[in-house]
Amino acid sequence: MRTRLFIPGPVDVSPEVLQKMVTPMIGHRTNDSSVLQKGIHDKMQKLFYTENRIMLSTSSGSGFMEGAIRSCAKKKAAVFSIGAFGDRWYKMAVANNIPADKFSVEPGQPTLAADVEKALATGDYDVVTVTHNETSVGIQNPVEEIAEVVKKYTDVIWLVDAVSSAAGAKIEVDKLGIDVLITSTQKALGLPPGLAICSFSEKAYERAKTVENRGLYFDMVEIYETIEKKNHQYPSTPALSLMYALDYQLDQIMLEGIENRFARHTEMAKFVRAWAKKHFELLADEKYCSNTLTTIKNTRDISVKDLNKRLAMRGYAISNGYGSLKEKTFRIAHMADTTIQQVKALLVEIEDILGL
Ligand SMILES: *Cc1c(COP(=O)(O)O)cnc(C)c1O
């Protein structure tokens with residue numbers, strides 16, 4: 001039996017998208033390759049509301065997170081963490097010998113603009129990183145408010161992890177002034193894992209050029225320049241099969257309508273939140289709750305592990321809490337091509353299992 005995934009990645013992928021992965025190979029230095037990659041570039045710009053260059057990487061999203069912080073931080077990075085993925089960015093800085101300070105909060109709290117202001121006002125930092133949607137706690141940070149702060153610090157490069165929200169929540173890169181917005185294919189985009197995607201501003205490029213020891217595979221300058229010099233081709237051989245799938249899926253997203261897609265995600269999120277409040281509690285203040293997944297407090301002291309086992313027998317998978325929140329919370333993802341009907345069907349099964 002096929003399991004329907006309500007976990008925050010990998011997500012269910014439509015058979016049509018999967019079918020694109022078996023497209024016959026082409027040379028990665030051919031014109032066909034350039035056409036494919038330019039098509040993806042232009043469509044991703046629309047999805048991200050940006051004129052910035054779009055770059056792909058044959059890695060998961062973490063590859064570009066590491067590449068971006070390593071290529072852009074010259075002085076010191078201010079890493080704002082509200083959970084596991086914010087922490088990961090800090091670990092990447094440390095592992096690469098990049099001076100960085102981590103600013104953390106209690107689990108369930110967002111990154112506040114006032115805290116970003118306080119850090120940047122010291123003048124110590126030339127990079128700031130923010131997690132748009134922290135998957136470990138189901139929080140979407142108030143990037144519009146944070147943007148107002150970051151805009152005042154023109155020497156600071158702003159890196160945003162939107163791995164679990166891009167294509168499931170509206171993020172207007174140019175309006176917000178985000179220098180680097182990073183995502184992966186296996187979350188709200190609705191593709192198999194294996195590609196990272198980012199938008200990269202000219203300002204970030206100008207900075208990165210002055211940074212030494214950017215590494216090689218994730219050297220953002222090398223990738224940025226190769227795209228220009230070689231007509232949208234990449235320094236090394238990219239995952240062309242995934243690119244075929246991505247190009248097709250972006251067409252499907254445009255057919256649905258970008259705004260309609262975000263609205264569908266919002267409708268699912270609202271439904272799950274209302275259900276969670278009826279039977280449990282939300283981990284976060286509702287105003288910061290994610291558009292793509294909901295983290296629910298286990299106020300009934302159920303066995304999350306057992307619930308997931310019984311759901312598996314019925315062909316469904318949800319997620320337990322992350323790290324220390326493992327049994328204290330559980331998470332329901334509602335992203336990518338998932339429909340409100342599928343979400344409702346899942347919740348009926350959970351009610352039945354728990355006798356709610
Ligand atoms: C999944 C996730 C990541 C890691 O992405 P990979 O593609 O697995 O490397 C980073 N940040 C957030 C917020 C995520 O949800």
Side-chain angles (χ1 to χ4, degrees), residues 5-13 44 48 55-70 77 79-93 95-96 102 104-105 107-111 129-143 146 158-169 171 178 180-199 217-218 238-239 242 245-246 249 265 269 283-284 288-295 317-323 325 329-336 338:
L5 301 175
F6 290 87
I7 61 172
V11 297
D12 286 321
V13 180
M44 281 305 308
F48 280 3
M55 324 209 291
L56 305 181
S57 157
T58 296
S59 66
S60 73
S62 300
F64 264 164
M65 287 171 69
E66 186 160 356
I69 198 165
R70 181 166 175 177
V79 176
F80 281 83
S81 174
I82 63 163
F85 292 107
D87 288 353
R88 180 177 290 184
W89 230 337
Y90 179 70
K91 286 180 194 158
M92 286 166 170
N96 283 287
K102 187 170 82 169
S104 302
V105 295
Q109 296 301 312
T111 295
T129 79
V130 170
T131 312
H132 178 257
N133 190 70
E134 177 52 76
T135 317
S136 61
V137 289
I139 287 185
Q140 195 167 300
N141 276 316
V143 286
I146 296 168
W158 189 15
L159 315 181
V160 175
D161 168 359
V163 171
S164 62
S165 50
I171 309 169
I178 296 170
V180 186
L181 186 81
I182 300 165
T183 196
S184 306
T185 42
Q186 79 278 14
K187 298 200 178 165
L189 272 167
L191 291 147
L195 281 181
I197 305 163
C198 78
S199 64
Y217 192 69
F218 293 111
L242 276 162
L246 172 59
Q249 177 69 343
H265 280 79
L283 176 67
Y288 298 118
C289 276
S290 162
N291 219 38
T292 55
L293 86 151
T294 300
T295 302
I318 61 167
S319 269
N320 53 19
Y322 200 103
L325 297 173
T329 63
F330 59 98
R331 296 175 297 160
I332 298 174
H334 28 80
M335 60 171 83
T338 301

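Read the numbers this way: they start at 1 and go in the same order the structure lists the ligands and their atoms.
Side chain of S184 to main chain of Q186: no donor-acceptor pair is present (N/O by atom type, distance under 3.5 Å, no hydrogens or angles).
For the 3.5 Å distance criterion, the side chains of Q140 and N291 fail to qualify, holding no donor opposite an acceptor. If you check the side chains of S81 and D87, you find a donor sitting under 3.5 Å from an acceptor.
With a 4.5 Å cut-off on side-chain heavy atoms, S319 and P8 count as touching. For the pair T135 and V163, the minimum side-chain heavy-atom distance is 4.5 Å or more.
When all heavy atoms are compared, the tightest approach of K187 to M335 is C-SD, 3.6 Å.
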Give every pair formed by an N or O atom of ligand 1 and a protein N or O atom closer than 3.5 Å, one pair per line with both atom names and the distance to 0.1 Å, or write none.
| unit_1 | atom_1 | unit_2 | atom_2 | d |
| --- | --- | --- | --- | --- |
| ligand 1 | 7 (O) | G61 | N | 2.8 |
| ligand 1 | 7 (O) | S184 | OG | 2.7 |
| ligand 1 | 7 (O) | Q186 | NE2 | 2.9 |
| ligand 1 | 8 (O) | Q186 | NE2 | 3.4 |
| ligand 1 | 9 (O) | S60 | OG | 2.5 |
| ligand 1 | 9 (O) | G61 | N | 3.3 |
| ligand 1 | 9 (O) | S62 | N | 2.8 |
| ligand 1 | 9 (O) | S62 | OG | 2.5 |
| ligand 1 | 11 (N) | D161 | OD1 | 3.3 |
| ligand 1 | 11 (N) | D161 | OD2 | 2.6 |
| ligand 1 | 15 (O) | T135 | OG1 | 2.4 |
| ligand 1 | 15 (O) | K187 | NZ | 2.7 |

